[in-house]
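This report concerns only the one structure given below.
In what follows, every chain begins at residue 1, and chains take the letters A, B, ... in the order their sequences are listed.
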Amino acid sequence: MSDKKNWPLWEVFVRSKNGLEHRHCGSLHAADEDMALENARDVYTRRSEGVSIWVVESKHITASNPEHNGELFEPAHDKVYRHPTFYELPDEVKHM
Amino acid sequence: MVISQQLKKAKTMSEAQIRSLEKQFDERIARDEKIEPKDWMPEKYRKTHIRQMSQHAHSEIVGMLPEGNWITRAPSLRRKVALLAKVQDEAGHGLYLYSATETLGISREEMYEQLHKGKAKYSSIFNYPTITWADMGAIGWLVDGAAIINQVPLCNTSYGPYARAMIRVCKEESFHQRQGFEIMMKLANGTPEQKEMAQDALNRWWWPSLMMLGPTDDVSVHTEQSMKWKLKRKSNDDLRQQFIDQTVPQAELIGLTIPDSDLKWNEERKSYDFGEINWDEFWQVVKGHGPCNKERMKARVGAWEEGTWVRDAAMAHAEKKQQRKNKQAV
């Protein structure tokens, strides 16, 4: 095995058509951003799955820790008043 | 990093704590919840997935070799572009699966090293030679056919990255089987020599394809745990029966004969009975004594080693470019 550095890991996001968001579709290894884009084209869009690709080196992504899901996400659970169904309306009001 | 933290934590946990976490974990899977990379998971789950997923990735990569053999000699441009696209898909499938496996904390280099040193396995079917063009037909029809039967249930497996990779793989794989069947059909309807060639390929690939679905249930070591983790949804014997029942009528349709004198329809079971599989042959090939084990590994390791300077040059170029950019920024 070579003692040189290995190609870093990149995350790939593809927009399937204009009007839709870029979605994460996987990852790959590449030496730099240009190669990452070219490889992403070959690996993830061989059947016209995209019109735009983002690549970002995986080390630049900060992710939440699932062990902290309680303090992060539970506060939203008891805030039912943020949803329209919380409010009572008379039956006569059809569209609101 | 997350994984090493998790390991450190696991060491300080009592056995009772681990058992309770494992229980919650099994319950999550039973509820059809997916497990994602940063979630806590039992070490055995991680290891089993690394083993199965990397083995799957290696099979895709080594699987390119028997077919690569025929790309330059495909009989028409139509066949050539299709075969080329199929082999390119296999490279892609290997890459999806390697990336998915890396989320479990093993590096790409470690996986390659395990393959190259013979520590990791790949599907034994790729240790058989491809000696005629009809083998391209038989591989697509039978080998990809058996692979699809194996893979479709994995689209629902419990580990999120694996399930997502398998959905892409299965979507792309169905053309592989069709292009193989088309090759066989054309040959079977051709001159007597062409038909003979198709029959010969079927004769050689039929039994190894049945073996591809794994040892019989009574000797399969991983089945029970794998069922619980949804790494497996049906037993090897059930998958094999499904493959046979689906393939026999296809062979009849194109006028080829399955090379099994014991094969016959069982009206009661609504399934085909079939002859004894030569499991000695299977284990011989698994242990490295198949017709092409050495050749495949030599080709794979050769490709990796001869590519070293390209990988190094690309990295050096990337670093130089980055340095230049940094200098301009100052």
Side-chain angles (χ1 to χ4, degrees), chain A residues 1-17 21-50 53-74 77, chain B residues 1-2 5-6 9 21 28 35-41 84-86 88-89 91-103 107-110 112-113 116-117 160-161 164-165 167-169 171-172 175 301 304-305 307-322 325:
Chain A
M1 198 174 281
S2 155
D3 49 3
K4 296 267 173 58
K5 266 195 269 169
N6 293 314
W7 291 357
L9 188 67
W10 300 75
E11 300 301 322
V12 180
F13 300 81
V14 171
R15 183 204 294 286
S16 58
K17 62 177 190 186
E21 70 279 49
H22 285 79
R23 279 182 70 169
H24 182 245
C25 64
S27 45
L28 49 80
H29 288 269
D32 59 25
E33 61 271 26
D34 296 330
M35 190 195 280
L37 268 181
E38 280 163 15
N39 288 358
R41 196 273 311 256
D42 289 343
V43 178
Y44 292 106
T45 64
R46 284 194 304 285
R47 289 177 175 76
S48 317
E49 289 95 335
I53 302 174
W54 289 348
V55 289
V56 57
E57 217 183 311
S58 309
K59 69 176 184 196
H60 296 309
I61 290 185
T62 308
S64 66
N65 182 341
E67 283 176 34
H68 301 153
N69 276 7
E71 49 279 35
L72 266 179
F73 302 114
E74 268 167 26
H77 289 182
Chain B
M1 266 172 304
V2 178
Q5 276 164 15
Q6 225 184 60
K9 210 164 158 195
L21 275 174
R28 285 182 64 190
I35 307 302
E36 293 295 343
K38 293 180 135 207
D39 293 347
W40 183 87
M41 60 185 79
L84 202 51
K86 178 179 193 284
Q88 197 189 5
D89 273 352
H93 297 172
L95 294 177
Y96 306 156
L97 288 161
Y98 279 131
S99 307
T101 317
E102 279 173 81
T103 63
S107 72
R108 185 78 57 100
E109 286 66 34
E110 271 174 278
Y112 285 163
E113 199 171 279
H116 296 167
K117 295 209 164 136
R164 290 192 286 275
I167 289 170
R168 297 184 68 90
V169 168
K171 238 192 245 167
E172 298 179 353
F175 115 71
V301 174
W304 178 250
E305 285 175 354
T308 308
W309 72 271
V310 180
R311 294 191 300 275
D312 290 349
M315 204 61 226
H317 174 69
E319 278 167 357
K320 224 182 252 176
K321 220 168 56 176
Q322 190 59 42
K325 226 191 214 168

### Query
Which atoms of A/Ala30 come close to chain B, meaning under 4.5 Å heavy atom to heavy atom: side chain ones, backbone ones, both, or neither?
neither
### Query
Atom CZ in B/Arg164, atom SG in A/Cys25: separation rounded to 0.5 Å?
11.0 Å
#### Entry: Part of A/Ser58 within contact of chain B (heavy atom distance under 4.5 Å)
neither
### Task
List the steps and the verdict of side-chain contact (heavy atoms from CB on, under 4.5 Å) for A/Asn6 and B/Arg108.
CA-CA 9 Å; A/Asn6 293 314; B/Arg108 185 78 57 100; over 6 Å; no
#### Entry: Atom CZ of A/Arg46 with >12 non-hydrogen neighbours under 6.0 angstrom
yes
### Task
Specify which of B/Glu172, B/Lys321, B/Gln322, B/His317 makes the most heavy-atom pairs with chain A at under 4.5 Å.
B/Glu172
#### Entry: Backbone of A/Ser27 reached by a side-chain donor or acceptor of B/Ser99 within 3.5 Å
yes
### Query
By a 4.5 Å heavy-atom criterion (distance strictly below it), what part of B/Gln88 contacts chain A: side chain, backbone, both, or neither?
both
### Task
Enter the distance from A/Asn69:CG to B/Asp39:CG here, rounded to the nearest 0.5 Å.
8.0 Å
### Message
Looking only at heavy atoms and a cut-off of under 4.5 Å, which of A/Glu33, A/Met35, A/Arg47 has the most pairs with chain B?
### Response
A/Arg47
### Query
Nearest 0.5 Å, what's the CD-NE2 distance between B/Glu109 and A/His29?
6.5 Å
### Message
Between B/Arg168 and A/Tyr44 (side chain of the first, backbone of the second, donor and acceptor by atom type, cut-off under 3.5 Å), is there such a pair?
### Response
yes
### Task
With rounding to the nearest 0.5 Å, note down the distance linking NZ in B/Lys171 to CD in A/Glu49.
7.5 Å
